[in-house]
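Okay, so here's the structure we're looking at.
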Amino acid sequence: MRPRKRDVLLLWLLVCSGVAEALEPISTTIAVGMAAALLARYHYIFYYFRECCRPEWISFNRTRLKTDLDSKLFGQHIASRIILKAVTGFMSNDNPKKPLVLSLHGWTGTGKNFVSKLIADSIYTKGMHSGFVHLLTSTLHFPHAEHIATYKSQLQQWVRGKVINCERSMFIFDEMDKMHPGLIDSIKPYLDYYDKLDGVSYRKSIFIFLSNAGGEDIIQTALEFWKEGRKREEIELKDLEKALSLSVFNNNNNGFFRSSLIDKSLVDSFVPFLPLEYRHLVQCAIAEMKARNMKPNRKVAENVARDLVYFPKSERVFSVKGCKSIESKLDFYS
């Protein structure tokens with residue numbers, strides 16, 4: 001039974017706005033009684049006013065995620081397939097054995113941050129603005145190497161507190177390639193196959209790591225396919241995953257260097273993001289026009305894409321910055 005608007009307004013006024021305090025004692029008793037009766041009838045009424053860790057605010061929409069990946073993420077056939085399968089499988093399981101842990105790799109502008117947003121939008125009513133979606137950036141939150149011991153303790157306590165508040169929490173760690181080695185291992189127990197740790201279960205949470213590390217290996221593979229005259233769509237995960245994980249694990253300039261998360265196979269998927277081509281940047285420009293409620297203009301989109309920097313320099317095959325510069329460039333051509 002859905003609450004009538006009149007009842008919702010009455011309960012809100014009586015309980016939440018302080019109106020009851022202004023009434024006479026007898027009237028207050030009547031008001032509280034009315035509120036209690038309404039609350040008993042519509043016990044879920046408060047969940048419509050403030051976000052909470054309940055299905056009203058957290059509910060996976062597979063159709064939305066698939067549609068967004070198909071229509072908004074360009075040139076990433078491997079990432080789209082892995083993300084949809086991994087998130088769908090995890091969110092469909094009422095009793096997962098461990099948290100979902102994804103590590104997204106590739107050069108800037110290829111869609112890593114964007115995919116994180118799409119995942120959040122498909123799970124949380126408020127998307128990235130949800131109080132249960134948490135974004136940490138290495139250079140902002142963990143800037144000083146000499147404070148790593150303090151960061152480890154703070155990170156453990158912080159993650160624990162957020163999961164206690166809501167087991168369906170989502171954590172996004174950006175700039176993993178700039179994180180101090182060893183820091184991320186402080187939350188390794190939370191990502192492992194434990195039922196509970198000190199009374200807290202982390203098994204329904206999601207951890208997403210974003211990194212430029214491994215990008216050169218991904219680009220090298222894409223270039224090899226191009227030089228051989230093969231389509232980028234022929235590139236498969238098996239062509240990249242092993243080399244990607246080893247590259248990240250052995251790179252002493254990133255947060256996954258010799259990490260137990262990799263050593264203990266706690267990362268469910270290393271997701272490669274391929275470098276984007278001219279045609280993908282045209283698609284990005286058109287999508288940005290639509291997002292601004294502008295009439296899509298392919299000629300403008302082509303001019304924007306053509307004005308960006310590509311490599312190799314002579315062949316101009318792949319974009320250096322991907323779709324990252326599209327927004328500012330579109331302002332120039334609009």
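- Across Gly106 and Asn212, no two heavy atoms sit closer than the pair O-OD1, 3.1 Å.
- The salt bridge (charged side-chain N to carboxylate O under 4.0 Å, His left out) analysis of residues 144-166, with sequence neighbours excluded, yields no pairs.
- Hydrophobic clustering, with ILVMFWY side chains joined whenever heavy atoms are under 4.5 angstrom apart, keeps Leu140 apart from Leu183.
- Arg279 CZ: more than 12 foreign heavy atoms inside a 6.0 Å radius.
- Under a hydrophobic-cluster definition in which Ile, Leu, Val, Met, Phe, Trp and Tyr are linked whenever side-chain heavy atoms come within less than 4.5 Å, directly or via other members, Ile218 and Leu237 are assigned to the same cluster.
- Under the side chain to side chain donor-acceptor pair (under 3.5 Å) criterion, Ser138 pairs with no residue, sequence neighbours left out.
- In the hydrophobic clustering, where aliphatic and aromatic side chains (Ile, Leu, Val, Met, Phe, Trp, Tyr) are joined below 4.5 Å either directly or transitively, Leu223 groups with Trp107, Ile219, Trp226, Val309, Phe311, Val317, Phe318, Val320.
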Problem set entry | Residue pair Ser153, Gln157: steps toward the side chain to side chain donor-acceptor pair (under 3.5 Å) verdict | CA-CA 6 Å; Ser153 176; Gln157 295 176 30; 3.0 Å; yes
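- The only member of Val133, Ile172, Asp68, Ile83 that meets side-chain contact (heavy atoms from CB on, under 4.5 Å) when paired with Ile119 is Ile83.
- Applying the salt bridge (charged side-chain N to carboxylate O under 4.0 Å, His left out) test to residues at least two apart or on different chains, none of the pairs has a partner in residues 211-226.
- Side-chain contact, Ser205 with Glu167: no donor N or O sits under 3.5 Å from an acceptor N or O.
- Qualifying salt bridge (charged side-chain N to carboxylate O under 4.0 Å, His left out) partners for Glu175, counting only residues two or more places apart in sequence or in other chains: none.
- For Asn252, the CG atom counts as densely surrounded, since its 6.0 Å shell holds more than 12 non-hydrogen atoms of other residues, nucleotides or ligands.
- The two atoms that bring Val248 and Ala213 nearest to each other are CG2-O, 4.1 Å, heavy atoms only.
- Here ring pair (Phe, Tyr, Trp, His ring centres under 6.0 Å) pairs that include residues 163-189, with residues two or more places apart or in two chains, are His134-Phe171, Trp158-Phe171, Phe171-Phe207, Phe173-Phe209.
- Heavy-atom contacts from other residues, nucleotides or ligands closer than 6.0 Å to NZ of Lys188 number more than 12.
- Across all their heavy atoms, Gly214 and Ser247 have their closest contact at CA-OG, 4.2 Å.
- Both Leu240 and Ile262 belong to a common hydrophobic cluster when Ile, Leu, Val, Met, Phe, Trp and Tyr are linked at side-chain heavy-atom distances under 4.5 angstrom.
- Applying the side-chain hydrogen bond (donor to acceptor under 3.5 Å, both in side chains) test to every pair with at least one member in residues 119-129, sequence neighbours left out, gives these pairs: Lys117-Asp121.
- Residues passing the side chain to side chain donor-acceptor pair (under 3.5 Å) test with Ser59, sequence neighbours excluded: none.
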For this session: Apply the test side chain to side chain donor-acceptor pair (under 3.5 Å) to residues Lys324 and Thr108: give CA-CA distance (whole Å), side-chain angles for both, the deciding distance (0.1 Å), then the verdict.
Result: CA-CA 7 Å; Lys324 197 165 188 176; Thr108 183; 3.2 Å; yes
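- In this structure, the side chain to side chain donor-acceptor pair (under 3.5 Å) partners of Asp70, at least two apart in sequence or on a different chain, are Lys66.
- Using a 3.5 Å distance cut-off with no hydrogens or angles, the side chains of Thr221 and Asp239 do not pair a donor with an acceptor.
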Exercise answer: donor-acceptor pairs, residues 86-104 side-chain atoms, under 3.5 Å, sequence neighbours excluded:
{"residue": "Thr88", "atom": "OG1", "partner": "Leu84", "partner atom": "O", "Å": "2.6"}
{"residue": "Ser92", "atom": "OG", "partner": "Thr88", "partner atom": "O", "Å": "2.6"}
{"residue": "Asn93", "atom": "OD1", "partner": "Asn95", "partner atom": "N", "Å": "2.8"}
{"residue": "Asn95", "atom": "OD1", "partner": "Arg203", "partner atom": "NH1", "Å": "3.2"}
{"residue": "Asn95", "atom": "OD1", "partner": "Arg203", "partner atom": "NH2", "Å": "3.2"}
{"residue": "Lys98", "atom": "NZ", "partner": "Leu266", "partner atom": "O", "Å": "3.1"}
{"residue": "Lys98", "atom": "NZ", "partner": "Asp268", "partner atom": "OD1", "Å": "3.3"}
{"residue": "Lys98", "atom": "NZ", "partner": "Asp268", "partner atom": "OD2", "Å": "3.1"}
{"residue": "Ser103", "atom": "OG", "partner": "His105", "partner atom": "NE2", "Å": "2.6"}

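- For Arg258, the side chain to side chain donor-acceptor pair (under 3.5 Å) partners two or more places apart in sequence, or in a different chain, are Asn250.
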Exercise. Can you check side chain to side chain donor-acceptor pair (under 3.5 Å) on Glu51 and Ser130, steps first, answer last?
Worked result: CA-CA 8 Å; Glu51 185 185 31; Ser130 170; 2.5 Å; yes
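- The side chain to side chain contact (heavy atoms under 4.5 Å, CB included) check on Ala305 picks up Tyr278, Leu281, Val282, Tyr310, with sequence neighbours excluded.
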